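These figures come from a predicted structure and were not determined experimentally.
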Amino acid sequence: MAAYFTTDRWAIRHTTLTFHDVLRDDRNVTVEVAVRRDRQMQAMAEMIELPVAILSHGNTVKNTEYSFLTNLFASRGYLVISIQHDLDTDAPMVTKVGEEYVGRRMQYNRGVFNIMYAIDELKKVYPNANYRQLTLIGHSNGGDISMFFAKQHPDLVKKVVTLDNLRVPFITDGRIKILSFRSRDPVFKADPGVVPDDETCARLGIKVVRTEFQHNDLSDRGPDSAKSSIQAGVEQFLDEDAGGNTPTMPLLAASTPASAGTAPPENK
């Protein structure tokens, strides 16, 4: 376990935990947890119950490369859990045209297992948190995992925020609030039927934000303009429930990781 504090005025604590799932051959499930220190202390004193946000990364992007979102949610009082879904020992994802989700169901099922296992373990570490009304956040493949999880466990999910998920169709039963940022990318295109038409979105209150950014810009690797734009959209989305009364810190512009220049782009 490792921990460090950001330098913002809310003193957000970032802790890295690695668990070993004995039911899956001791598979490592590593999570980074971000929480505002004052809110954590209130939860420990049983004064409040922390809302929970679970972030799922895109393919070839690490779970720690979304600090502009984890810090935003943590600043608003969330317990933010960023899960590393892929391991170096995992077989690479493949595209199988004509198959459901182009052959990605195995990865989505693994992601669901990772989320459920992480929740069970984190209940022991952070017991005073609301794991019954999750907010799911995901970029690309992580967005598909988030939407797939919400389909499998709708009773546990309150909101879903996706960044350019491409494979799993949106939930359209109106039970879950959805916000989705879409890229303008000549290569990464959503499969037919993933994003509902404008009429359906308007009727169900699904918010689709069409940006000018590339698919791989929707992480810490992207420009500050992309991160600031997404932060503003997420703030507005969350304010609809909070009534604008949740105290937050000034939005943080995450710096690009040193390895971003050499990291491979996410595969479609």
Side-chain angles (χ1 to χ4, degrees), residues 53-61 66 68-69 72-73 85 93 95-105 107-109 111-112 115 134-154 156-219 221-222 225-238 240-241 265-268:
I54 295 180
L55 188 144
S56 296
H57 60 87
N59 185 32
T60 76
V61 188
Y66 298 91
F68 75 107
L69 283 175
L72 186 153
F73 275 89
H85 288 289
M93 289 200 305
T95 298
K96 298 179 181 178
V97 177
E99 293 193 14
E100 185 184 27
Y101 310 132
V102 293
R104 301 277 175 89
R105 179 180 279 274
Q107 281 79 17
Y108 302 156
N109 281 326
V112 169
I115 292 171
L134 303 172
T135 294
L136 303 180
I137 314 154
H139 173 217
S140 192
N141 189 64
D144 287 322
I145 289 173
S146 299
M147 200 66 72
F148 189 79
F149 183 96
K151 288 176 181 287
Q152 300 293 314
H153 301 281
L156 295 179
V157 180
K158 183 178 181 180
K159 303 184 186 76
V160 177
V161 178
T162 72
L163 310 173
D164 221 28
N165 65 302
L166 305 177
R167 310 297 185 192
V168 180
F170 288 18
I171 296 171
T172 55
D173 61 10
R175 295 173 57 188
I176 296 173
K177 296 189 65 175
I178 297 174
L179 168 67
S180 184
F181 297 91
R182 315 307 303 177
S183 73
R184 186 174 183 179
D185 196 301
V187 177
F188 295 96
K189 302 290 186 182
D191 291 342
V194 170
V195 183
D197 58 55
D198 293 344
E199 180 181 349
T200 300
C201 288
R203 175 168 53 84
L204 297 175
I206 296 172
K207 297 185 180 298
V208 176
V209 179
R210 304 190 185 280
T211 75
E212 298 296 315
F213 306 112
Q214 299 293 299
H215 180 82
N216 288 312
D217 286 341
L218 307 183
S219 68
R221 301 178 186 182
S225 57
K227 290 176 283 191
S228 296
S229 176
I230 293 168
Q231 285 175 324
V234 171
E235 288 269 40
Q236 183 178 9
F237 180 68
L238 297 178
E240 292 176 1
D241 280 349
E266 183 185 355
N267 297 324
K268 183 177 179 183

Open item on the list: Counting only heavy atoms from other residues, nucleotides and ligands, does the tally under 6.0 Å from CD of Q236 exceed 12?
Closed with: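 Open: at most 12 neighbouring heavy atoms sit under 6.0 Å from CD of Q236.
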Determine whether [X] and [Y] make a side-chain contact, defined as any pair of heavy atoms from C-beta on separated by less than 4.5 Å.
X	Y	answer
F148	Y101	yes
F237	K159	yes
F170	L204	no
M147	I171	yes
D217	S183	no
P196	I206	yes
L218	Y66	no
L238	L72	yes

Listed partners of [X] passing salt bridge (Lys or Arg N to Asp or Glu O under 4.0 Å), at least two apart:
X	result
K151	none
E99	none
R203	none
R184	E212

Does [X] reach the main-chain N or O of [Y] with its side chain, forming a donor-acceptor pair under 3.5 Å?
X	Y	result
H139	H215	yes
T211	R182	yes
Q231	F68	yes
S229	S225	no
H57	H85	yes

Open item on the list: Using the side chain to side chain contact (heavy atoms under 4.5 Å, CB included) criterion, which residues pair with V102? Sequence neighbours excluded.
Closed with: T95, R104, R167, D191
Task: With F149 via ring-ring contact (aromatic ring centres under 6.0 Å, His included) - residues at least two apart - done: H153
Task: Closest non-hydrogen atom pair, V194 against V168 - done: CG1-O, 3.5 Å
- [ ] Over all heavy atoms of both residues, which pair between S219 and N216 is shortest? Give the atoms and the distance, please.
- [x] OG-O, 3.7 Å
Task: Residues E240 and K207 bridged, charged N to O under 4.0 Å - done: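 Yes.
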